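Note that the coordinates shown come from a computational prediction; the quantities given were computed from them, not determined experimentally.
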Amino acid sequence: MLAATQRGAQLDLPRLRGSGGMVPPLLYADDTTLLATLAAGLQRKLDLLQRYYEQWGQTVNAAKTKLVMLSGQRTQQAAVDTVQLAALSLAGQPLEAVSSFKYLGITFHASSCIAGAVAPARATAARAAMHSCNARCAALGVEAAPLQLRLFSTMVDAVLSYGSEVWGMQPAAASAAGKTSSTAGSKAERLHLAHLRHLLGVRQVCVLHYSLSVVNH
């Protein structure tokens, strides 16, 4: 597909809002995700993919290949029904439409945007990692705040931001456009605040206020 684009072929590639940049297929080892805005555009990509595999003597497992409509309908079932009507196929075999599909730990969901489905799941996984990190620090007697903050950054932030190259663009664009509420209300921010309260030894319901004092001499 990338080679076809370089040869001047006009492929149906989604574009990012604001920048207008094209979103290429997601390729990782033998896991591939094709993105398109129209059913006909996706079918053309499936045909190109099939020809590529035939050229190199490989096959695609159509039974494991699924179709998901991203945020195209108000309900999951409506999205599934719409995709089924498109009757897309790979190597002559019809493909199944599903309401969600996990790709490299990131769930693509039919009735919500990628960030809307992934961000809460990442926050839940990161919270579990935070509790595990706190328990390990307690067992080893690690009390120094700087060290605990470094461990949080290494063990928890990595889980929280996993795959953000894919799903992080949506909340970042919304934040830049002023379409989101204060970051204090986000699950990621609440997770950081919970860890800070843990380090300070204050109740989780305690409100933390940030202030900057300037002293003139």
Side-chain angles (χ1 to χ4, degrees), residues 1-125 159 161-174:
M1 281 168 288
L2 297 178
T5 302
Q6 293 173 352
R7 291 195 300 267
Q10 297 297 319
L11 297 181
D12 180 7
L13 295 174
R15 292 181 177 274
L16 296 174
R17 292 181 179 177
S19 67
M22 293 185 296
V23 181
L26 307 179
L27 310 174
Y28 184 84
D30 60 347
D31 291 321
T32 302
T33 295
L34 304 180
L35 303 171
T37 61
L38 299 173
L42 183 56
Q43 184 61 65
R44 186 181 182 193
K45 291 183 179 181
L46 289 168
D47 295 339
L48 286 172
L49 182 67
Q50 178 59 25
R51 287 204 292 269
Y52 173 84
Y53 278 114
E54 290 177 349
Q55 178 183 351
W56 293 97
Q58 299 178 336
T59 59
V60 180
N61 190 335
K64 292 184 177 180
T65 303
K66 308 298 180 183
L67 300 171
V68 181
M69 174 178 281
L70 303 179
S71 305
Q73 298 290 341
R74 297 182 62 182
T75 66
Q76 297 180 29
Q77 190 57 50
V80 171
D81 292 343
T82 300
V83 176
Q84 290 286 39
L85 289 174
L88 300 181
S89 62
L90 179 64
Q93 300 183 51
L95 298 178
E96 179 188 4
V98 295
S99 60
S100 63
F101 188 77
K102 182 173 287 188
Y103 175 75
L104 299 180
I106 298 177
T107 300
F108 293 83
H109 201 276
S111 57
S112 65
C113 64
I114 296 177
V118 176
R122 289 290 90 210
T124 299
V159 175
S161 61
Y162 174 79
S164 58
E165 297 86 353
V166 175
W167 59 266
M169 293 180 290
Q170 287 178 320

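- In this view, Ser89 and Gln43 satisfy the side-chain contact (heavy atoms from CB on, under 4.5 Å) rule, not counting sequence neighbours.
- Under the 4.5 Å side-chain criterion, counting only non-hydrogen atoms from C-beta, Lys45 is in contact with Leu13.
- For the pair Ala79 and Ala110, the tightest heavy-atom approach, listed with the atom from each and the gap, is CB-CB, 3.7 Å.
- Taking 4.5 Å as the limit, every side-chain heavy atom of Val68 sits out of range of all side-chain heavy atoms of Val83.
- Between the side chain of Asp12 and the main chain of Leu38, a donor-acceptor pair closer than 3.5 Å is present.
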Just distance, no hydrogens or angles: give the donor-acceptor pairs under 3.5 Å from side chains in residues 51-64, sequence neighbours left out.
from  : atom 1 : to    : atom 2 : distance (Å)
Glu54 : OE2    : Gln50 : NE2    : 3.0
Asn61 : OD1    : Ala63 : N      : 3.0
Asn61 : OD1    : Lys64 : N      : 3.4

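- Evaluation of the salt bridge (charged side-chain N to carboxylate O under 4.0 Å, His left out) test over residues 75-101, restricted to residues two or more places apart or in two chains, returns Lys66-Glu96.
- Contact of the Val98 side chain with the Leu67 side chain is not registered, since no non-hydrogen atoms from C-beta on lie closer than 4.5 Å.
- A heavy-atom distance below 4.5 Å is not found between the side chains of Asp47 and Leu90.
- Summarising the geometry, atom CG belonging to Leu34 is positioned 9.5 Å from atom CG belonging to Leu48; distances are rounded to the nearest 0.5 Å.
- Remark: Ala86 engages Ala39, Leu88 in a side-chain contact (heavy atoms from CB on, under 4.5 Å) (not counting sequence neighbours).
- In this structure Ser161 satisfies the side-chain contact (heavy atoms from CB on, under 4.5 Å) test together with Ser164, sequence neighbours excluded.
- In this structure, the side-chain hydrogen bond (donor to acceptor under 3.5 Å, both in side chains) partners of Ser99, at least two apart in sequence or on a different chain, are Gln76.
- Here Thr33 pairs with Leu26, Leu35, Tyr103 under the side-chain contact (heavy atoms from CB on, under 4.5 Å) rule; sequence neighbours left out.
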